[in-house]
Amino acid sequence: MIKLDQLSLVRQLDLVFKELENELSGLSSGTVFVQIRNNIIGKFGIRHNPLTGRNGVMAPVEDGLNRDQQSSFRAMALESLKHKRHWTHGEISYDFTVRQGLIIVDAVLESNYNMANLMIRYPRTSVSDAVSES
């Protein structure tokens with residue numbers, strides 16, 4: 001059995017998109033998110049607005065992403081990982097929408113750091129020296 005920590009982040013993201021295929025086939029816009037800890041995807045999912053309306057009239061439900069659009073989305077998401085630099089904890093959000101039959105994706109990479117880890121890594125004297133310099 002393969003453990004999740006043995007899979008590259010690219011392979012993990014590929015698995016996320018395979019898991020979300022059915023849900024994406026019913027959505028034409030939203031945000032796919034993946035939460036990363038120690039370069040392992042933990043929580044992932046989709047945020048979307050299921051209802052939209054104007055002047056008391058609900059908009060008709062649009063078709064979701066077709067196979068080609070999902071394939072393009074997946075490729076763009078995997079490509080975005082090339083812009084992840086030197087961090088192991090955070091979240092990546094992919095805002096997506098379909099306009100005139102084309103999928104548009106914006107990726108937001110968010111790194112997270114823990115101050116407690118810095119206090120362990122740097123000796124107390126270097127922290128107090130930095131404070132006295134400011």
Side-chain angles (χ1 to χ4, degrees):
M1 178 169 195
I2 295 177
K3 294 182 180 180
L4 196 55
D5 61 352
Q6 295 173 323
L7 295 177
S8 70
L9 195 53
V10 171
R11 182 67 180 121
Q12 292 174 61
L13 190 58
D14 188 47
L15 291 172
V16 165
F17 274 85
K18 285 190 186 332
E19 184 65 25
L20 297 176
E21 278 178 0
N22 193 34
E23 191 172 357
L24 287 170
S25 70
L27 301 172
S28 60
S29 67
T31 303
V32 170
F33 67 90
V34 294
Q35 293 180 349
I36 300 167
R37 182 176 171 100
N38 291 324
N39 278 330
I40 297 172
I41 295 175
K43 182 177 169 184
F44 64 91
I46 302 174
R47 296 180 189 106
H48 66 96
N49 294 325
L51 301 172
T52 56
R54 253 187 207 142
N55 295 327
V57 178
M58 298 308 293
V61 176
E62 298 178 24
D63 292 335
L65 302 182
N66 62 35
R67 285 198 183 280
D68 289 341
Q69 291 164 336
Q70 285 195 39
S71 179
S72 293
F73 187 0
R74 182 186 144 281
M76 286 186 274
L78 295 175
E79 183 70 20
S80 76
L81 290 178
K82 293 179 180 176
H83 298 277
K84 178 183 167 293
R85 301 266 191 265
H86 309 293
W87 54 269
T88 58
H89 294 62
E91 181 172 302
I92 304 176
S93 298
Y94 301 100
D95 293 324
F96 69 96
T97 190
V98 175
R99 290 195 187 126
Q100 299 177 343
L102 299 174
I103 186 163
I104 299 168
V105 177
D106 288 322
V108 176
L109 283 71
E110 173 187 310
S111 60
N112 299 148
Y113 296 89
N114 186 330
M115 191 59 138
N117 291 341
L118 292 180
M119 301 309 285
I120 293 167
R121 192 176 325 152
Y122 296 105
R124 185 175 179 118
T125 55
S126 66
V127 173
S128 58
D129 291 344
V131 171
S132 64
E133 289 175 6
S134 34

Neighbour count >12 (heavy atoms, 6.0 Å) for atom CD, Glu19: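 Incorrect, the count does not exceed 12.
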
Between [X] and [Y], is there shared hydrophobic-cluster membership here, with clusters defined by ILVMFWY side-chain heavy atoms closer than 4.5 Å?
| X | Y | result |
| --- | --- | --- |
| Val34 | Tyr113 | yes |
| Ile41 | Trp87 | yes |
| Phe73 | Ile46 | yes |
| Val105 | Leu81 | yes |
| Val98 | Ile104 | no |

Roughly how far, to the nearest 0.5 Å, is the [atom2] atom of [Y] from the [atom1] atom of [X]?
| X | Y | atom1 | atom2 | value |
| --- | --- | --- | --- | --- |
| Leu109 | Tyr94 | CG | OH | 6.5 Å |
| Thr97 | His48 | OG1 | NE2 | 13.5 Å |
| Ser29 | Arg99 | OG | CZ | 9.5 Å |
| Lys18 | Leu20 | NZ | CG | 12.0 Å |
| Arg67 | Arg74 | CZ | CZ | 12.5 Å |

Please say which of Lys43, Arg47, Arg37 ends up in a salt bridge (charged side-chain N to carboxylate O under 4.0 Å, His left out) with Glu91.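 Single salt bridge (charged side-chain N to carboxylate O under 4.0 Å, His left out) partner of Glu91 among Lys43, Arg47, Arg37: Arg47.
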
So do [Y] and [X] actually touch side chain to side chain, heavy atoms under 4.5 Å?
| X | Y | answer |
| --- | --- | --- |
| Leu13 | Ile92 | no |
| His89 | Asn114 | no |
| Leu65 | Phe96 | yes |
| Glu21 | Ser25 | no |
| Asn66 | Gln69 | yes |

Using the salt bridge (Lys or Arg N to Asp or Glu O under 4.0 Å) criterion, which residues pair with Arg85? Sequence neighbours excluded.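 In terms of salt bridge (Lys or Arg N to Asp or Glu O under 4.0 Å), with neighbours along the sequence ignored, Arg85 is linked to no residue.
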
For a quick test of reading the model, state the closest non-hydrogen atom pair linking Ser72 to Ile103 and the distance between them.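 Nearest heavy atoms, Ser72 then Ile103: CB-CG2, 4.0 Å.
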
Closest approach of Thr31 to Ser93 (non-hydrogen atoms, all atoms of both residues):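 Taking Thr31 first and Ser93 second, the nearest heavy atoms are CG2-CB, 3.9 Å.
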
Asn39: which residues meet the side chain to side chain contact (heavy atoms under 4.5 Å, CB included) condition with it, sequence neighbours left out?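 Asn39: side chain to side chain contact (heavy atoms under 4.5 Å, CB included) contacts with Leu9, Ile36, Lys84, Thr88.
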
Side chain Asn38, main chain Ile40, donor-acceptor under 3.5 Å: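 No, the answer is negative, given that no donor and acceptor are paired below the 3.5 Å cut-off.
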
Flag, side chain of Ser71 to backbone of Asp68, donor-acceptor distance under 3.5 Å: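 Side chain of Ser71 to backbone of Asp68: no pair is present.
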
Chi angles and distances behind the side-chain contact (heavy atoms from CB on, under 4.5 Å) call for Arg11, Asp14: CA-CA 5 Å; Arg11 182 67 180 121; Asp14 188 47; 2.8 Å; yes

